[in-house]
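What follows is a single structure, written as structure tokens, with notes after it.
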There are 2 protein chains.
Amino acid sequence: MRKKITKRKITLLDVAKAADVSAITVSRALRHPASVSAKLRERIQHVVDDLGYVPDPAASALASARTNVVGVLIPSITNNVFAGVLRGIYMEAEKAGYGIQLGNTRYSMLEEERLLRVFLSQRPAGLIVTGIDQSSAARTQLLRADCPVVQIMEIGDKPIDMMVGFSHRDGASTATQHLVDCGYTRIAFLGARMDPRTQRRLEGFSQCLKQAGLFDQRLVVTTPKASTVTLGCELLSELLARAPDADAVFCNNDDLALGVLFECQRRQITVPTDMGICGFNDLEMMAVANPAITSVRTFREEMGREAMGSLLASIAGTVVEQPVIDLGYELIKRQSTRSVK
Amino acid sequence: MRKKITKRKITLLDVAKAADVSAITVSRALRHPASVSAKLRERIQHVVDDLGYVPDPAASALASARTNVVGVLIPSITNNVFAGVLRGIYMEAEKAGYGIQLGNTRYSMLEEERLLRVFLSQRPAGLIVTGIDQSSAARTQLLRADCPVVQIMEIGDKPIDMMVGFSHRDGASTATQHLVDCGYTRIAFLGARMDPRTQRRLEGFSQCLKQAGLFDQRLVVTTPKASTVTLGCELLSELLARAPDADAVFCNNDDLALGVLFECQRRQITVPTDMGICGFNDLEMMAVANPAITSVRTFREEMGREAMGSLLASIAGTVVEQPVIDLGYELIKRQSTRSVK
DNA sequence: TCTCTAAATGATTGCGCAATCATTTGTCAA
DNA sequence: TTGACAAATGATTGCGCAATCATTTAGAGA
């Protein structure tokens, strides 16, 4: 299957000879055009185009001890939420000519450590990691890394380097308070996966309800399973079996919320009067469901862009003035929650 | 922000000295354990663990003119369909110790060419590209590439090297025939993005309906916009404005189908009696919608796994016995289509 | 025990580039 | 015109590893 290459590779030296300059001058002309006179730059560029010279990243990496690849560690590649973030990351990376190496930690700290070791051995230009709950070994590796690091999705007190995210606890708390304000009194929490961010959402939920004197542990239904629409149906069924008087649910995320809506439709439970529904992330489809589903909007693509932007600035040597960026969230109230006082 | 590394890097030579063997023996012990005696292998492994030696991929790539990175070109990173494929790709790649470099062509042939040039300059171990409609320049590049290539998502006559996919035309045709068999007579096509695969689905749709004597160009509603649930609502509205008598829709994909269902609910159009709905891909949520939505199931994760599997086999030098793998599809009939004769 | 062959191990070299330091050229003010 | 200094360019070297070829050792058969 493998084809043979017959033609010898065009190297920097070939270009240099053809342009009648030294190899290093060609190298400079391509990497730091400003450091070469305009005349030479033009001549060299012409020869480069002519010969079809393409730099060898491996040789460059070896000589400079630095690649132009940014490592990105996320816990899932099928989760819609990360798709948006990745999109933002790619957009910025591409513009700047950086490549992305993606690692899937599958919500496992051990796997994260392993991938980190692999990635760091490749001398990345920078690293983007998800969340703020790295294992202490991973944290140590990241602190020692000789490249900038951005933690995304969340914000916290002790950034390894930079952070771009928002407070999941506050987002959940705001959403829950909205349900309380609507007059719902038996408000449930449906949670899948239960990763650190979901945990914090549950904290925000619990805190808010305790303050309102409405917290009931029996209304908290969680599972370690991955979140799906189907699972939303199942969790609602479980909730109703346990607590038939539940009158609202705050869902870990929008997949579950949609499943809850579908299950309510099947059970002839009227939304929002018999059951209020609130999701998290505000996926595009939330706005067109029947009824449209209230959700906490998060700025995922922007998060990716900001993360890569900070990283690139740091790689370029700029002192990043704002190492922790809080992108916030926005509660989008729709028909699935309404005042039932 | 950048930290300084003080400790010198541990190299192959350091390990070799500590184990009292030559550097190349250490290299062999790590890459081809079988070619080194068991005794030595063990001694070397011990020293490697002891010193925490990690090979430098850049040096390895330079010396061997080969990386352990597989380039993957997909047209979208937010599209659910590719998320599944990527998952399969990552699973296999990880097991074999290969890294993935992802490129987003954004449905642009020019961008694909550009990314191909970038990727090929990095001496990838293999390439996975989407579809069979590469530009002739891209195709030439791929044919010349000195690494194995897998085309995914579709199958066709002239594989560059290997292919893993299915026939979109046949899938669409089967789904359309099902609608015909149900007794629908004014069957519409809703299509977004209109990439080559969607085009072929439209071809299958048209061909089937022409054969049944039911084809009507006014029932074909397409847009270059990216597919979303919201867009499904809009396209149905457009269809009904144009042809109020439409009694079934075959949707380009499941996002649109869900949007159509939502819009039918809003308009009090009863599914499946007043309107039959069929999607494509069979995303998880199709099964739990109300009514559950008929769809053409595709085997996306398996496609990723098979593609990477073939690639790895080819990289390993195995002669791939089956260069074109047709994974087929499966029509999943649900409540959104029912006999209305 | 000796030869022959295969398996195991080693020495040398170069992959293509950028860092470092050295040198040349150009520019400006006195 | 000259000197001083900055800008532009060049020569050398080594990054860490694997390919190639050479050599040694072990094992089998006679």
Side-chain angles (χ1 to χ4, degrees), chain A residues 2 4-5 7-45 47-48 51-69 120-123 125 146 317, chain B residues 2 4-5 7-45 47-48 51-69 120-123 125 146 317:
Chain A
R2 200 80 59 87
K4 275 283 159 225
I5 32 166
K7 59 163 188 259
R8 205 179 54 78
K9 180 164 185 146
I10 309 256
T11 72
L12 209 50
L13 202 60
D14 298 324
V15 177
K17 278 178 188 157
D20 197 30
V21 293
S22 73
I24 187 61
T25 301
V26 177
S27 172
R28 274 197 283 251
L30 295 175
R31 288 181 303 148
H32 313 292
S35 69
V36 169
S37 69
K39 200 180 51 183
L40 257 190
R41 199 187 316 152
E42 197 178 334
R43 194 166 88 215
I44 290 171
Q45 187 57 52
V47 174
V48 164
L51 266 53
Y53 168 72
V54 180
D56 182 332
S60 169
L62 185 58
S64 68
R66 181 69 48 209
T67 65
N68 69 152
V69 172
L120 283 174
S121 79
Q122 319 204 359
R123 308 170 170 289
D146 69 331
Chain B
R2 200 80 58 86
K4 276 282 159 223
I5 33 166
K7 58 165 184 259
R8 205 178 56 79
K9 182 167 184 142
I10 308 258
T11 73
L12 209 50
L13 203 60
D14 297 326
V15 177
K17 279 178 188 157
D20 198 29
V21 293
S22 74
I24 187 62
T25 302
V26 177
S27 173
R28 273 197 283 253
L30 295 174
R31 288 181 304 147
H32 313 293
S35 68
V36 169
S37 68
K39 199 179 55 185
L40 256 190
R41 198 187 318 151
E42 197 178 333
R43 193 167 88 215
I44 289 171
Q45 187 56 53
V47 174
V48 164
L51 266 53
Y53 168 73
V54 179
D56 182 331
S60 169
L62 185 58
S64 69
R66 182 66 49 206
T67 64
N68 69 151
V69 172
L120 283 173
S121 79
Q122 318 205 1
R123 308 170 169 290
D146 69 329

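Per chain, numbering begins at 1; letters A, B, ... match sequence-line order.
If you check dA8(C), dG16(C), dG16(D) against the side chain of Ser37(B), the one that comes closest is dA8(C). With distances taken from any side-chain atom of Ser60(A) to the nucleotides dA8(D), dG16(D), dA18(C), the minimum falls on dA18(C). Side chain of Ser22(B), nearest nucleotide from dT9(C), dA18(D), dG10(C): dG10(C).
Minimum heavy-atom separation, Leu51(A) to Ile10(A): O-CD1, 3.6 Å. Heavy atoms only, all atoms of each residue included: Pro57(B) and Ser121(A) are closest at CD-O, 3.2 Å. Minimum interatomic distance between Ala125(A) and Arg66(A) (heavy atoms only, all atoms of both residues): CA-CD, 4.0 Å.
Distance Leu13(A) CG to dC17(C) P: 9 Å, rounded to the nearest Å. When the P atom of dC17(D) is taken as reference, atom NZ of Lys9(B) falls 7 Å away, rounded to whole Å. The distance from atom NZ of Lys17(B) to atom C1' of dG16(D) is 13 Å, rounded to the nearest whole Å. Atoms CD1 (Ile24(A)) and P (dT23(C)) sit 17 Å apart, rounded to a whole Å. Taking atom CG on Leu12(B) and atom C1' on dT9(C), their separation rounds to 14 Å, with Å as the unit. Here dA18(D) presents its C1' atom at 12 Å from CG of Leu62(A), a figure rounded to the nearest Å. The nearest whole Å value for the distance from the CG atom in Asp14(B) to the C1' atom in dC15(D) is 13 Å. Distance CZ (Arg41(B)) to C1' (dT9(C)): 14 Å, rounded to an integer number of Å.
Contacts of Arg28(B) with the nucleic acid, taken as non-hydrogen atoms under 4.0 Å apart, include base atoms.
Remark: Ser27(A) is in phosphate contact with dA18(C), judged by side-chain N or O atoms under 4.0 Å from OP1 or OP2. Within the structure, every side-chain polar atom (N or O) of Arg66(B) is placed at least 4.0 Å from both OP1 and OP2 of dC17(D).
Residue Leu40(B) is the one, among Ala63(B) and Leu40(B), whose nearest nucleotide of DNA chain C lies closer to the 5' end (criterion: closest heavy atom).
A donor-acceptor pair under 3.5 Å is formed between the side chain of Arg41(B) and the backbone N or O of Val36(B).
A salt bridge is absent between Asp20(B) and Arg43(B): the closest approach of a Lys/Arg side-chain nitrogen to an acidic carboxylate oxygen does not fall below 4.0 angstrom.
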